[in-house]
Amino acid sequence: MAKGLGRLSVIFVTGIGLAMSGAVPALATESDPRTPAPAVSATQRPIAEVQPAERSLANANAATAVELAPLAPALPPGVSTKTWSVPAFIELFENKYGRPMTETEKQALARGCIGVTTVNLERGNINPPLGMSFGTFPTARNVQDAINDILATNPTSSQFVSAVEQHPLLSQIDNVTRSLPSGPTSQWTAVIFSKRFYSKQNPSWTDEQAERAFRPDPVTDQVDMTEYRYVAKPGYVNFDYGWLDEGTGNWWHANHAEPGMKVYQSTLRHYSRPLLDFDRQVFSVTFARVHP
């Protein structure tokens with residue numbers, strides 16, 4: 001998570017602090033070591049927990065046993081969250097993926113909650129793509145399943161595009177084909193992460209404009225994130241990312257970036273609990289690298 005300072009949201013781009021003026025940062029990361037503030041008086045809506053993956057993903061060429069293996073055992077009943085040290089998380093990562101975490105990945109991880117999602121994508125030190133973001137988890141799951149059903153046929157890139165264009169669901173969703181990274185489609189699987197953030201991304205917006213921003217499309221449930229700029233609510237944390245562990249249905253996030261970073265394994269209900277920092281939550285589908 002990153003922290004807003006005063007009425008400016010500071011984003012570190014390759015080590016340089018820049019006040020946000022409308023540009024999307026190259027790398028969003030930490031700028032203050034505080035954590036989100038619980039909204040103690042808020043009532044949380046019912047949330048269905050995510051079950052371990054037992055879907056088409058298990059049969060896709062892009063989803064091997066590595067992708068479905070949990071980072072850690074599932075939280076036991078009645079436990080909503082567990083704290084892991086960064087070294088312990090790195091050990092979990094290395095055990096899951098069967099290789100050492102690289103120095104570049106350790107630098108990505110050190111960015112905080114966004115880093116936890118980033119390293120699991122295995123696409124380098126990037127901001128996780130937000131082009132396929134949705135208002136509800138079931139929609140994101142349906143889109144993920146549909147994409148992985150196509151990937152299961154081991155299509156060429158052009159065949160993937162054609163299949164998406166003819167698909168009853170995916171043909172209605174923006175950015176599916178342009179989100180696919182280059183190279184053989186067998187390198188990729190569709191995965192899910194969640195993002196929580198503040199709606200007033202432009203300080204010149206009125207409250208009414210902010211209220212209308214980042215709302216799900218009433219037909220597709222897709223949320224247009226093109227105006228999102230990693231800006232914080234003044235005085236609060238500017239975002240939280242949660243990585244879905246397909247093997248358990250738990251979500252992985254963090255308190256903030258290094259130094260002092262802690263990694264959390266949580267239920268969806270705990271991760272989504274009311275916080276003063278955020279008034280929006282999306283569930284995003286993107287592509288992660290797969291393992292032979």
Side-chain angles (χ1 to χ4, degrees), residues 47-71 74 96 116-123 126-155 157 159-181 183-196 216-217 219-225 241-253 267-268 271-272 281-291:
I47 293 178
E49 293 301 332
V50 180
Q51 299 303 309
E54 296 178 353
R55 315 170 326 282
S56 60
L57 179 62
N59 299 319
N61 68 322
T64 65
V66 174
E67 274 63 53
L68 296 175
L71 276 167
K96 173 181 172 70
V116 174
T117 290
T118 298
V119 296
N120 280 288
L121 294 179
E122 296 196 271
R123 293 173 58 180
I126 64 172
N127 291 334
L130 298 169
M132 293 188 287
S133 295
F134 303 94
T136 63
F137 175 79
T139 303
R141 178 65 98 194
N142 289 339
V143 170
Q144 178 198 28
D145 280 349
I147 291 173
N148 281 327
D149 283 345
I150 295 174
L151 292 176
T153 67
N154 196 25
S157 295
Q159 289 171 335
F160 179 82
V161 171
S162 178
V164 169
E165 292 174 344
Q166 298 175 49
H167 194 280
L169 170 61
L170 298 181
S171 61
Q172 304 302 310
I173 303 301
D174 292 333
N175 305 316
V176 178
T177 56
R178 68 171 59 105
S179 295
L180 182 69
T185 62
S186 58
Q187 293 185 86
W188 307 108
T189 186
V191 296
I192 295 175
F193 64 92
S194 180
K195 180 179 177 70
R196 304 184 67 186
D217 182 277
V219 175
T220 66
D221 197 37
Q222 188 163 14
V223 178
D224 183 356
M225 297 292 289
Y241 282 74
W243 168 263
L244 173 60
D245 186 338
E246 293 286 0
T248 61
N250 294 159
W251 299 75
W252 291 81
H253 52 125
T267 63
L268 180 57
Y271 167 74
S272 305
Q281 180 172 1
V282 295
F283 296 89
S284 302
V285 178
T286 192
F287 293 90
R289 196 175 299 276
V290 301
H291 305 81

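Predicted model only: the values in this text are computed from it and were never measured. Hydrogens, waters and symmetry mates are skipped; everything else that's a heavy atom, side chains included, is used.
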Show your reasoning for whether side chain to side chain contact (heavy atoms under 4.5 Å, CB included) applies to Thr286 and Trp188.
-> CA-CA 9 Å; Thr286 192; Trp188 307 108; over 6 Å; no

Would you give the length of the straight line joining atom OG1 of Thr189 to atom CG of Asn148, rounded to the nearest 0.5 angstrom?
-> 3.5 Å

State whether the side chain of Thr118 and the backbone N or O of Ile126 hold a donor-acceptor pair below 3.5 Å, judged by distance alone.
-> yes

So Leu244 and Val191, side chain to side chain contact (heavy atoms under 4.5 Å, CB included) or not? Walk me through it.
-> CA-CA 8 Å; Leu244 173 60; Val191 296; over 6 Å; no

Indicate yes or no: at least one non-hydrogen side-chain atom of Ser272 is less than 4.5 angstrom from one of Gln281.
-> yes

Between Thr220 and Gln172, is there a donor-acceptor pair closer than 3.5 Å when you use the side chain of the first and the backbone of the second?
-> no

How are the rings of Phe137 and Phe283 set relative to one another: parallel (under 30°), tilted (30 to 60°) or perpendicular (over 60°)?
-> perpendicular

Are Asn175 and Met225 close enough that some pair of their side-chain heavy atoms sits under 4.5 Å apart?
-> no

Walk me through it: do His253 and Arg196 pass the test side chain to side chain contact (heavy atoms under 4.5 Å, CB included)?
-> CA-CA 11 Å; His253 52 125; Arg196 304 184 67 186; over 6 Å; no

Can you name the nearest heavy-atom pair linking Asn120 to Val116, along with the distance?
-> ND2-O, 2.8 Å

Listed partners of Phe134 passing ring-ring contact (aromatic ring centres under 6.0 Å, His included), at least two apart = none

Would a distance-only check, ignoring hydrogens and angles, find a side-chain to backbone donor-acceptor pair under 3.5 Å from Asp245 to Trp252?
-> no

Nearest heavy-atom approach of Gly242 to Tyr271 is N-OH, 3.2 Å

Separation between CZ (Phe193) and OG1 (Thr117), nearest 0.5 Å, reads 6.5 Å

Nearest heavy-atom approach of Ile147 to Ala190 is CG2-CB, 3.8 Å

Donor-acceptor contact below 3.5 Å, side chain Gln144 vs main chain Ser284 = no

Rounding to 0.5 Å, atoms CD1 (Ile150) and CD (Gln159) come to a distance of 11.0 Å

If every non-hydrogen atom of His167 is compared with every non-hydrogen atom of Ser171, which pair is closest and at what distance?
-> O-OG, 2.5 Å

With a 4.5 Å limit on heavy-atom distance, are the side chains of Arg123 and Pro181 in contact?
-> yes

Roughly how far apart are Thr139 OG1 and Ile173 CD1, rounded to 0.5 Å?
-> 8.0 Å

Find the distance between OG1 (Thr248) and CG (Leu71) and round it off to the nearest 0.5 Å.
-> 8.0 Å

Shortest non-hydrogen pair, Phe287 vs Ser179, comes out as CD1-O, 3.5 Å

Could you tell me whether the side chain of Leu121 reaches within less than 4.5 Å of the side chain of Pro129, counting heavy atoms only?
-> yes

Does any non-hydrogen side-chain atom of Pro216 lie less than 4.5 Å from one of Thr136?
-> no

Measuring from Met132:CE to Asp174:CG, what's the distance to the nearest 0.5 Å?
-> 10.5 Å

If every non-hydrogen atom of Val176 is compared with every non-hydrogen atom of Leu170, which pair is closest and at what distance?
-> CG2-O, 4.1 Å

